[in-house]
Amino acid sequence: MKPKFEKPREGQWIGNESTSLNFSVPPNPIIGFIEGDGVGPDLWSASRPVFDAVVEKAYVGDRKISWLKIYAGEESFRQFGSYFPEESFDLITKCRIAIKGPLTTPVGGGFRSLNVTLRRKLDLYACLRPVKYVAGTPSPMIRPQDVDMVVFRENTEDVYAGIEWKSGSDLALKMINFLETEMNVKLPMDAGIGVKPMSPFATKRLVRMAMKFAIDNGRNRVTLIHKGNIMKYTEGAFRDWGYELVREEFGDVALFEGELERNHVGKIPDGKILVNDRIADAMFQQALLRPKEYSVLAMPNLNGDYMSDALAAQVGGLGMAPGANIGDSCAVFEATHGSAPKYAGLDKVNPGSMLLSGAMMFRRMGWNEAADLVERGLSGTIQSGVVTYDLARLLPGSIEVSCSGFAKAIIDWIKKE
């Protein structure tokens, strides 16, 4: 059985003015949503009213979103026998902008992560993870407000490409024999094998997006993160290709570390962007000790996975961490944490990640006033002491509320502003 989707009676499709995500957003756009698995329906039922409330408050009826449900995950499998129907991919492409809750990868062999499938199928090659402290949120850091970084994680290559063979399998043995006979590389015969591809094309388009983001958002530092001192022909090449792209396409605004000290006494001139690089393990220390020195970070897939979660911990955890997967023709915004099935249906979890991802979505649409309201409403509510359980246990004297109760408190705060 195939899902049947109908265009909402109200609303217009978002146009695309070019192949670089320059969306033409009508005042009543059709936005796709995937509720997700586990706590996903709780998050969405809490977040959607907040999104509608900020649009109404910001634009007083001149703009309105027409929401369109898209099926994926466990609900989709129950109804249609597919975790991700082709029709769902087609509809995301049609909507151009969508937002989703967490998806659970099915248990058992043969299933790739549904999130990875989504990224690869739609060529959402950049995972964008802004990490910025929301005032009032409990944090393990002394000065979490110093953290304001945006991670650009390459989504399609590296070990996440899924090119691997199980220990003892015929294909693993075949690869081991090939490496030994053709490349003079000796490995244990029972080794599992994985391949780590990185290419100039994928690297350069990621760095290009990071540089454009820096220019468009007034950020004057872009740092390439890699482990090129060990993996010279993959991660080291990522670094080299990144610099090559910057010199080719952004030479008029780019400034490099040696030039900064030699010609500008360590101060970045107005209109220039410092482009540098850091070894991945050293960057984890830098993020803790000198966060003010970093702004936009571009890195391969695995490094980006680690780094974005570690940075999120500095500002209160994944419950307060937004994210998006972006390509040249569409963008999917998402709660960045897992589906937490043990809390499913309990109306308990923090919707902060979904709400902040919605704020990212509004900014992508050019609806900055709505985005600002989401962020101010979330921060104002937390500072008032009304929070979900995860924050309540870290904030003595706070008032613990449910997921939907937290969303209602945010809406009340927005209406009073």
Side-chain angles (χ1 to χ4, degrees), residues 5 8 11-14 16 21 23 25-26 28-56 58 63-73 75-76 84 88-104 114-115 117-119 121-122 124 126-130 155 318-327 329-339 349-368 370-375 377-378 403-404 407 410-411:
F5 299 105
Q12 296 175 279
W13 299 114
I14 292 173
N16 196 9
L21 278 181
F23 292 143
V25 181
N28 56 339
I30 299 170
I31 303 293
F33 72 90
I34 296 171
E35 288 188 349
D37 299 326
V39 297
D42 290 349
L43 296 174
W44 180 247
S45 63
S47 299
R48 176 173 172 171
V50 175
F51 298 150
D52 290 336
V54 298
V55 171
E56 175 59 31
R63 299 180 188 179
K64 183 179 180 181
I65 292 176
S66 293
W67 298 105
L68 177 60
K69 182 170 183 175
I70 299 175
Y71 288 92
E75 181 186 18
S76 177
F84 228 134
S88 295
F89 292 116
D90 294 341
L91 205 58
I92 293 171
T93 302
K94 183 72 173 176
C95 289
R96 300 199 183 279
I97 290 179
I99 187 167
K100 61 177 279 295
L103 292 173
T104 301
L114 296 181
N115 291 310
T117 299
L118 173 65
R119 295 164 189 166
K121 183 81 172 180
L122 298 178
L124 304 176
C127 179
L128 180 59
R129 294 280 296 273
N155 250 348
L318 288 177
M320 299 296 293
N325 295 288
I326 299 175
S329 61
C330 57
V332 178
F333 300 82
E334 63 178 356
T336 57
H337 51 73
S339 58
V349 296
N350 184 350
S353 178
M354 178 75 89
L355 291 171
L356 290 170
S357 296
M360 284 182 68
M361 178 187 73
F362 286 132
R363 293 200 190 284
R364 187 77 229 21
M365 295 163 60
W367 293 15
N368 292 331
D372 291 342
L373 278 173
V374 172
E375 293 167 357
L378 180 63
C403 177
S404 59
I410 293 172
I411 293 171

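Considering only heavy atoms from C-beta on, F333 stays 4.5 Å or farther from K100 through its side chain. In this structure, I97 and P29 have side chains that are not in contact, with every pair of non-hydrogen atoms separated by 4.5 Å or more. By the 4.5 Å heavy-atom criterion applied to side chains, R364 and V25 are not counted as neighbours. Counting heavy atoms from C-beta on, the side chains of I34 and F84 come closer than 4.5 Å. Annotation: side chain of M354 is in contact with side chain of I99 (closest heavy-atom distance under 4.5 Å).
Taking both residues in full, the closest heavy atoms of A371 and A359 are given as CB-O, 3.4 Å, listed atom of the first, atom of the second, then distance. Nearest approach of P41 to G36, heavy atoms of both residues: CD-O, 3.5 Å. Counting all heavy atoms, side chain and backbone alike, P102 lies closest to V39 at CG-CG2, 4.4 Å. When all heavy atoms of W367 and P26 are compared, the closest pair comes out as CZ2-O, 3.7 Å. Among all heavy-atom pairs drawn from R96 and I14, the shortest one is NE-O, 3.2 Å. Closest of all the heavy-atom pairs between G352 and M320 is CA-SD, 4.3 Å.
By the side chain to side chain donor-acceptor pair (under 3.5 Å) test, K64 pairs with no residue at all, sequence neighbours left out. The side chain to side chain donor-acceptor pair (under 3.5 Å) check on S404 picks up D347, S402, with sequence neighbours excluded. Applying the side chain to side chain contact (heavy atoms under 4.5 Å, CB included) rule to S66 yields the partners P8, E10, I30; only residues at least two apart in sequence or on another chain are considered. Residues that satisfy the side chain to side chain contact (heavy atoms under 4.5 Å, CB included) test with A321, not counting sequence neighbours, are R129, A312, L318, T336. D372 meets the side chain to side chain donor-acceptor pair (under 3.5 Å) test with R363; sequence neighbours excluded.
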*Go through the steps for R63 and M365 under the test side-chain contact (heavy atoms from CB on, under 4.5 Å), then give the verdict.*
CA-CA 12 Å; R63 299 180 188 179; M365 295 163 60; over 6 Å; no
*Determine, stepwise, if the pair M361 / I31 fulfils side-chain contact (heavy atoms from CB on, under 4.5 Å).*
CA-CA 10 Å; M361 178 187 73; I31 303 293; 3.9 Å; yes
_Residue pair F362, V54: steps toward the side-chain contact (heavy atoms from CB on, under 4.5 Å) verdict_ = CA-CA 10 Å; F362 286 132; V54 298; 3.8 Å; yes
Contacts under 3.5 angstrom, residues 46-53 side chains, donor-acceptor by atom type, not counting sequence neighbours:
unit_1 : atom_1 : unit_2 : atom_2 : d
S47    : OG     : L43    : O      : 2.8
D52    : OD1    : W67    : NE1    : 2.9

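How far CD1 of I92 is from CG of L124: 8.0 Å, rounded to the nearest 0.5 Å. Note: C330 SG to K94 NZ = 13.0 Å, rounded to the nearest 0.5 Å. Between the CG atom in N325 and the CG atom in L118 there is a gap of 6.5 Å [rounded to 0.5 Å]. Interatomic distance, S88 OG to K121 NZ, rounded to the nearest 0.5 Å: 11.0 Å. Within the model, atoms CD1 of I410 and CG of L373 stand 11.5 Å from one another, a figure rounded to the nearest 0.5 Å. A distance of 7.0 Å separates CG in L122 from OG in S329, rounded to the nearest 0.5 Å.
Residue pairs satisfying the side chain to side chain donor-acceptor pair (under 3.5 Å) criterion with at least one member in residues 34-43, sequence neighbours excluded, are absent.
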